[in-house]
Amino acid sequence: MSAVIDIQGVEKTYKRRIKALRGVDMTVGDGEIFGLLGPNGAGKSTLVKIMMTVISPSKCSGTVLGSKVGDKATLQQIGYLPEHHRFPPYLTGRQVLEHFGALSGIQRKQRKAKASELLELVGMDSWHKDKLGSYSKGMRQRVGLAQALMNDPKLVVLDEPTDGVDPSGRRDIRNILTHLKNEGRTVFLNSHLLSELEMVCDRVAIMVHGLVRTQGTIDELTAEQSGFVITTASPITDAMKSEISTPSMPDLIQSSSDTTISFKTSEASAVQPAIDTLRKHNIVIQSAGFKRPSLEDLFMQVVDTNNGAKPGAISGAKATSRPSNNPTKGGANS
Ligand code: ADP
Ligand code: MG
């Protein structure tokens, strides 16, 4: 699988020494849906803006669609939905699409056809003559998503696409993302809506305080804490636990409480001796099955373990003396 986004060591220091990114490495494979997660202020939008050449990095190496980060010509192959976008309220949904189509250099006839196709895809065909000013937040996001697809992009970059969208709208957006993937496009999205990402993303990265703390498939990230869990109706004594631990199941118990035992294995056969032991002591088994932590569990763990330093701040004056952190190198937004 070739990489559509392959960036290393991305740093960004804004004015007033706000260090938003502190050396981000990220790889997004061709044709995958990749989710970037992180609490507010983690640096997600900063990273997206650097990839979209809206702002300049303080330091960055790597490529997007095979070209160096910052290459304007590559943008022709990328669709972008910015965070907190504000399209002119006096334009209709269709006009927004045609306007962005024109900016991308698409011929008039083709632009009209594409706008109709995309309005239907995002479920806005009935409202195409209404002005954006009369749209709900969810409707504006739908039009924003359609706008990002006008140039038939290979890579679609969406910054909080489900922001302000109701649950049924979020499901629609999820379906659209899967549709885009099925068309062979790569989708990169930022979101704080974890359960949504879990359903559509092939891989995720979790960013905290300007650094990617973990990335991989959800299975990979949760593997360590996944396994069989037995819950019982009556208390499991320490004696029973040690009977289970040795000699048949050494090191297999991950954690336990009065009425649960979590195992490190995902093999049902491996936990049968434990069930035998509990049954021998007349313990009623309430449930036994494979459990894996949710993306939310994982996210909270990563955020909690990395919550030490103040977000974005540079702790010592020395850190600013590095040439790569020179704020004058920044772009319009820096
Ligand atoms: P996220 O998208 O993950 O919420 P951002 O990338 O928007 O995070 O912000 C990361 C950090 O950079 C935050 O501390 C934010 O306050 C700061 N920041 C963002 N944009 C600017 C800017 N233009 N000037 C100064 N600081 C900024
Ligand atoms: Mg953001």
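Every heavy atom of this structure was used, including side-chain atoms; hydrogens, water molecules and symmetry mates were not. Numbering of residues begins at 1 and proceeds along the displayed sequence. Owing to the predicted nature of the structure, the values given are computational and were not obtained by experimental measurement. Each ligand, and each atom within it, is numbered from 1 in the order the structure gives.
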At a 4.0 Å threshold, what atoms of ligand 1 neighbour a non-hydrogen atom of [X]?
X   : answer
T46 : 5 (P), 6 (O), 9 (O), 10 (C)
N40 : 4 (O)
A42 : 1 (P), 3 (O), 8 (O)
S45 : 1 (P), 2 (O), 6 (O), 7 (O)

_As a quick check of understanding, evaluate side-chain hydrogen bond (donor to acceptor under 3.5 Å, both in side chains) for E83 and S45, giving each step before the final call._
CA-CA 7 Å; E83 145 184 87; S45 296; 2.8 Å; yes

*Would you mind counting protein N, O or S atoms that sit less than 2.8 Å from the Mg ion (ligand 2)?*
2

*What class does the angle between the rings of F34 and F188 fall in, given that below 30° is parallel, 30 to 60° is tilted and above 60° is perpendicular?*
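Parallel.
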
Can you measure from [atom1] ([X]) to [atom2] ([Y]) and round to the nearest 0.5 angstrom?
X    : Y    : atom1 : atom2 : result
L155 : T74  : CG    : OG1   : 10.5 Å
E11  : L211 : CD    : CG    : 9.0 Å
L97  : K114 : CG    : NZ    : 11.0 Å
D30  : I5   : CG    : CD1   : 11.0 Å
K19  : T13  : NZ    : OG1   : 4.5 Å

*Using a 4.5 Å cut-off on heavy atoms from C-beta on, say whether the side chain of L37 contacts that of V302.*
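No; the side chains remain at least 4.5 Å from each other.
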
*asked:* For the 3.5 Å polar cut-off, considering only N or O atoms, please tell me whether R16 and ligand 1 meet it.
replied: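 No, there is no polar N/O contact under 3.5 Å.
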
*asked:* Is there a polar contact, in the sense of an N or O pair closer than 3.5 Å, between A20 and ligand 1?
replied: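 In this structure, A20 places no N or O atom under 3.5 Å from an N or O of ligand 1.
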
*asked:* Quick test of your reading of the model: are E32 and K181 salt-bridged, counting only N-O distances below 4.0 Å?
replied: no

*Option set G38, P39, G41, criterion heavy-atom distance to atom 11 (C) of ligand 1, minimum*: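 Among G38, P39, G41, the closest heavy atom to atom 11 (C) of ligand 1 comes from G41.
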
